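Every chain is numbered from 1, with letters handed out A, B, ... down the list of sequences. Fair warning: this is a prediction, and the values are worked out from it, not measured in the lab.
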Protein chains: 2
Amino acid sequence: MRLVVARCSVDYEGRLSAHLPMATRLIMVKADGCVAIHADGGAYKPLNWMNAPNRLVEAAGEWTVTNPKGERLVITIEEVLSDSAHDLGADPGLQKDGVEAHLQELLAAACHELEAGMVLVRREHRTEIGPVDLLCRDAEGRAVAVEIKRRGEIDGVEQLTRYLELLNRDPALTRKGAVRGISAAQEIKPQARVLATDRGIACAVVDYDALRGLDDPSHRLF
Amino acid sequence: MRLVVARCSVDYEGRLSAHLPMATRLIMVKADGCVAIHADGGAYKPLNWMNAPNRLVEAAGEWTVTNPKGERLVITIEEVLSDSAHDLGADPGLQKDGVEAHLQELLAAACHELEAGMVLVRREHRTEIGPVDLLCRDAEGRAVAVEIKRRGEIDGVEQLTRYLELLNRDPALTRKGAVRGISAAQEIKPQARVLATDRGIACAVVDYDALRGLDDPSHRLF
DNA sequence: GTGTATATCTCGGGG
DNA sequence: CCCCGAGGTATACAC
């Protein structure tokens, strides 16, 4: 990784046009070739960047980064204040726990927690327009589509609505009545709840830690 | 901005749990206090981070970053390979051109380009579920809701559908007939076009550069 | 490669 | 402050 602190101005032409006036910034060049220009604030997002794959050409006072998509980043350097390089090696990578995939896993194993008598039919049930997180049957044998999110927002309700529209055209699923929908999340936003209710979709707030407690602790990542 | 290259392991507890095994990485601490841990690859996104506002406590071999939301980032440092600080000063900030806001501005001034005889009623027309980009009237006096996107995808059609559903409940708007919808974008994805057509929503591909040409060049950002 | 869904999304605007 | 929408979203994964 190369770290350059320099007074520079930057121009990007690609998906939009953007310009950074002359100022002191950090230019980070990673081993995979990607370039990021950071200011001394503003979370982790750089002001400007160019991801790999790309080509960096260093001329006197001007770096030009181009990529195969025709995007171009030009860094005009007035003064270099520091320039260092470090060999970091490959990273073993991040281990995560608590994201949607895990929540889905836990709910699949405990879908009776959503509703008494509920039984799992299939996880990631394929439809033409995407996978339904959980397809279940309720105590009366009716099909139930469950959409799982960490945070329930409007998009998730739209997604489930599209799935239900499609699933309800399948005679095999609607034999015992229309397919029902449940929007399950750790937290459900007010607007999402309103939209769901308006569309006859039930909302279920699930407790991740409680579900995990039901699960065998040895399954945890760490 | 402080840049530390070190062998470290990292644990994050907050919106999820995450762990990084011991390896050499860059730790970036910005003036606003935010901390980011970068590997030597993987675009501009850090492996782990903690945004401002937060509190960084440096003990021997262990940095602990906590924030008011109860999130916690612990960096265990085995060996420091480099530690430097630079005063970058405040950044003048990024100037952008070509984003949705600008496209909306141009279309508002030239909505007759969408359809002959079309007149602008209001930009960002408020509804209970969000703002309609452009509310217009066509040559026959019928209300038209326009949703503007850089790239027309399914989400935009869903959004416009929600608005139309609501607008069509307003007697003041439907006096001359049902409110029509137009999905306007520089590029419209096939699936979005299919969905729009299915719902009676028209699609309009707009040429950003041509629109800008109609506009006074002195209005351009740079 | 396109299409779809997720994200500790980030970031900015408005109530 | 939260809510909501846009993003050069980035990223992973299925088809």
Side-chain angles (χ1 to χ4, degrees), chain A residues 12-18 34 36 41-52 67 69-73 94 96-104 124 126-133 147-151 153-156 158-160 162-163 185 187 189-195, chain B residues 10-18 34-37 42-52 54 65 67-73 93-94 96-104 124 126-133 147-151 153-156 158-159 162-163 189-192 194:
Chain A
Y12 165 78
E13 285 289 336
R15 282 173 275 187
L16 55 58
S17 303
C34 74
Y44 71 67
K45 198 180 180 185
L47 295 162
N48 252 318
W49 68 93
M50 189 77 108
N51 285 347
N67 75 4
K69 278 181 268 182
E71 296 170 279
R72 166 190 290 266
L73 187 74
L94 187 66
K96 286 184 187 184
D97 182 22
V99 290
E100 198 210 287
H102 200 200
L103 194 56
Q104 188 192 111
E124 299 284 349
R126 304 257 151 234
T127 74
E128 289 169 54
I129 54 169
V132 179
D133 288 342
E147 178 62 35
I148 301 165
K149 291 263 184 279
R150 235 170 11 88
R151 289 175 11 175
E153 302 186 13
I154 276 182
D155 279 3
E158 294 285 20
Q159 199 179 336
L160 183 50
R162 289 198 299 273
Y163 293 153
E187 175 200 1
K189 297 279 173 182
Q191 295 212 350
R193 189 179 288 275
V194 169
L195 188 64
Chain B
V10 185
D11 286 280
Y12 166 77
E13 286 289 335
R15 283 173 273 186
L16 53 58
S17 303
C34 75
V35 179
I37 293 119
Y44 66 67
K45 197 180 178 185
L47 294 162
N48 252 318
W49 68 91
M50 188 79 107
N51 286 349
N54 63 34
V65 192
N67 76 3
K69 278 181 269 182
E71 296 170 280
R72 165 189 290 265
L73 186 74
L94 187 67
K96 282 186 191 183
D97 183 21
V99 290
E100 196 207 286
H102 199 203
L103 193 56
Q104 187 192 114
E124 298 283 347
R126 305 255 150 232
T127 74
E128 287 170 55
I129 54 170
V132 179
D133 287 342
E147 177 61 36
I148 300 167
K149 289 268 184 278
R150 231 172 15 85
R151 289 172 10 175
E153 300 185 13
I154 279 182
D155 279 4
E158 297 283 22
Q159 199 178 335
R162 290 198 299 272
Y163 294 153
K189 296 275 174 181
Q191 297 215 352
V194 169

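Every residue meeting the side chain to side chain contact (heavy atoms under 4.5 Å, CB included) condition with A:R150, not counting sequence neighbours, appears here in chain and number order: A:Q186. In this view, A:R151 and A:E153, A:E187, A:K189 satisfy the side chain to side chain contact (heavy atoms under 4.5 Å, CB included) rule, not counting sequence neighbours. Residues meeting the side chain to side chain contact (heavy atoms under 4.5 Å, CB included) test with B:N67, sequence neighbours left out: B:M50, B:N54, B:K69, B:E71. The side chain to side chain contact (heavy atoms under 4.5 Å, CB included) search around A:Q104 returns A:E100, A:R123, A:E124, A:D133, A:L134, A:I148, not counting sequence neighbours.
Between B:A18 and A:L94, the shortest heavy-atom contact is CB-CD1, 3.8 Å. The shortest heavy-atom contact between B:V65 and B:V35 is CG2-CG2, 4.2 Å. Between B:N51 and A:Y44, the shortest heavy-atom contact is OD1-N, 4.1 Å.
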Could you go through nucleotides 12-15 of chain D and list every protein N or O atom that sits under 3.5 Å from one of its N or O atoms, giving the distance for each pair?
{"residue": "D:dC15", "atom": "OP1", "partner": "A:R126", "partner atom": "NE", "Å": "3.0"}

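Atom name P, nucleotides C:dT8 and D:dA6: the rounded distance is 22 Å, in whole Å. Taking the P atom of each, D:dG8 and C:dA5 are spaced 22 Å apart, rounded to whole Å.
If you take CD of B:E153 and C1' of C:dG3, they are 9 Å apart, rounded to a whole angstrom. Rounded to a whole Å, the CG atom of B:L103 is 13 Å from the C1' atom of D:dA6.
B:R72 comes within 4.0 angstrom of no nucleic acid atom, judged by non-hydrogen atoms across all strands.
Using a distance-only test at 3.5 Å, with no hydrogens or angles considered, a donor-acceptor pair links the side chain of A:Y163 to the main chain of A:P131.
Map A:K189 and A:N67 each onto its nearest nucleotide of DNA chain D; the residue landing nearer the 5' end is A:K189.
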Generate the contact string for nucleotides 6-11 of chain C. Rules: B means base contact, S means sugar-phosphate contact only, - means no protein heavy atom under 4.0 Å.
SSBSSS
